[in-house]
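Read through the structure below, which is laid out as structure tokens, and then see the notes.
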Amino acid sequence: MFWSNCAMCLCPDKKPVLREAFRVLKEGGELYFSDIYSSKAVPEHLKQDPVLWGEGLSGALYWRDLISLVHEVGFSTPYLLTASHIIVHNSELQKKASGITHTSATYHLFKLPKNRKQSDAVVAYKGTVPDHPDLLKFDMYHCFETDIEVTVDAEMAAVLQHSRFCSDFSIQNSDKPAPSPKCAPQSCHLSNPFLLADNLKLHSKPSTKIGNIGEPVGKYDTTNWDILLSS
């Protein structure tokens, strides 16, 4: 398991870093990718601004590019865990950013076998993860209740079958092959940190504003993610 904590936004070339992480992980291994993401691709001239770069803003990866980049390297679809808006209070930095907004978000990626079975599956959580006997919150859009069968797509089935969660689920693969993998609109929707940050902000109080870059707005209870960080 790897954890990248707000380091990629300071890395000019992100693909080699992700490729190396993918190389050294064993099959079923995980990467937690916590970083700053932009609402659109950052122009090259903004990447040359030392202040924007130092704040992690001009080096932020466009969130849609994250999906295509991790797929190109070989990782699974990024599963979104948390997200919150980043508010820039300095008017000069706001002007330099040219309308680009940012979020702080954490994604969960998996290295899956290349020759895995590509089929949907019916899965049921066994309630065996410590401290989670009734419900396993896998990410912001996948919650598994104990002993309740649900149908998941081929990739989620592979994640559950080949990762450290394999003993915690009963899995019945479908006989029908899954459609060819692609970044469907639904996948992009589920990976959008700005949409999640908007939803979380509606149910929480904005945090204190400090300095040039404010604390992320829209704090949330992260206790449900303890399971994902346990061995």
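We're numbering straight along the sequence, starting at 1. Computed from a predicted structure; not experimentally measured.
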Among residues at least two apart in sequence or on other chains, which ones pass side chain to side chain contact (heavy atoms under 4.5 Å, CB included) with [X]?
{"X": "Glu20", "answer": "Arg23, Val24"}
{"X": "Asp49", "answer": "Val51, Leu52, Lys96"}
{"X": "Asn115", "answer": "none"}
{"X": "Pro16", "answer": "Asp13, Arg19"}

Between the side chain of [X] and the main-chain N/O of [Y], is any donor-acceptor distance below 3.5 Å?
{"X": "Glu30", "Y": "His108", "answer": "no"}
{"X": "His102", "Y": "Leu57", "answer": "yes"}
{"X": "Thr146", "Y": "Asp134", "answer": "yes"}

Discussion item. Between the side chains of Lys47 and Glu44, is the shortest nitrogen-to-carboxylate-oxygen separation below 4.0 Å, so that they form an ion pair?
Written reply: yes
Provide the closest heavy-atom pair for [X] versus [Y] in the form atom of the first, atom of the second, distance.
{"X": "Ser167", "Y": "Thr128", "answer": "O-OG1, 4.2 Å"}
{"X": "Leu80", "Y": "Pro193", "answer": "CD2-CA, 3.9 Å"}
{"X": "Leu10", "Y": "Gly56", "answer": "CD2-CA, 4.3 Å"}
{"X": "Leu25", "Y": "Met1", "answer": "CD2-N, 4.0 Å"}
{"X": "Asp120", "Y": "Asp153", "answer": "OD1-CA, 3.4 Å"}
{"X": "Ala197", "Y": "Thr103", "answer": "CB-CG2, 4.4 Å"}

Could you tell me whether the side chain of [Y] reaches within less than 4.5 Å of the side chain of [X], counting heavy atoms only?
{"X": "Cys9", "Y": "Leu61", "answer": "no"}
{"X": "Tyr141", "Y": "Leu196", "answer": "yes"}
{"X": "Val152", "Y": "Phe138", "answer": "no"}
{"X": "Ser84", "Y": "Leu200", "answer": "no"}
{"X": "Val123", "Y": "Ile171", "answer": "yes"}
{"X": "Met156", "Y": "Tyr79", "answer": "yes"}
{"X": "Ser39", "Y": "Ile100", "answer": "yes"}
{"X": "Cys6", "Y": "Ile36", "answer": "yes"}

Please determine whether residues [X] and [Y] belong to a single hydrophobic cluster, defined as Ile, Leu, Val, Met, Phe, Trp and Tyr linked transitively by side-chain heavy-atom distances below 4.5 Å.
{"X": "Ile148", "Y": "Val122", "answer": "no"}
{"X": "Leu160", "Y": "Val150", "answer": "yes"}
{"X": "Trp53", "Y": "Val88", "answer": "no"}

Hey, what do you get for [atom1] ([X]) to [atom2] ([Y]), rounding to the nearest 0.5 Å?
{"X": "Leu136", "Y": "Asp131", "atom1": "CG", "atom2": "CG", "result": "12.0 Å"}
{"X": "Gln161", "Y": "Asn173", "atom1": "CD", "atom2": "CG", "result": "5.0 Å"}
{"X": "Gln94", "Y": "His89", "atom1": "CD", "atom2": "NE2", "result": "8.5 Å"}
{"X": "Asp139", "Y": "Thr82", "atom1": "CG", "atom2": "OG1", "result": "11.0 Å"}
{"X": "Glu72", "Y": "Ile67", "atom1": "CD", "atom2": "CD1", "result": "14.0 Å"}
{"X": "Glu55", "Y": "Asn90", "atom1": "CD", "atom2": "CG", "result": "8.5 Å"}

Fill in: Residue pairs fulfilling salt bridge (Lys or Arg N to Asp or Glu O under 4.0 Å) with at least one residue in residues 104-117, sequence neighbours excluded
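Not a single pair qualifies under salt bridge (Lys or Arg N to Asp or Glu O under 4.0 Å).
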Worksheet item: Taking the six-membered ring for Trp, are His85 and Phe194 parallel (under 30°), tilted (30 to 60°) or perpendicular (over 60°)?
Response: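 Ring orientation of His85 relative to Phe194: tilted.
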Worksheet item: Going through the distances and angles, do Leu31 and Leu18 end up as a side-chain contact (heavy atoms from CB on, under 4.5 Å)?
Response: CA-CA 9 Å; Leu31 170 62; Leu18 289 170; 3.9 Å; yes
Worksheet item: Among Tyr37, Trp3, Trp63, which residue meets the ring-ring contact (aromatic ring centres under 6.0 Å, His included) test with Tyr107?
Response: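 Filter result, single survivor: Tyr37.
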Item to complete: Report the C-alpha separation of Cys143 and Leu135 in whole Å, then their side-chain angles, then the decisive distance to 0.1 Å, and conclude whether the side-chain contact (heavy atoms from CB on, under 4.5 Å) test is met.
Response: CA-CA 7 Å; Cys143 293; Leu135 178 72; 4.0 Å; yes
Discussion item. The criterion is ring pair (Phe, Tyr, Trp, His ring centres under 6.0 Å); which residues satisfy it with Phe169, sequence neighbours excluded?
Written reply: Tyr125, Phe144
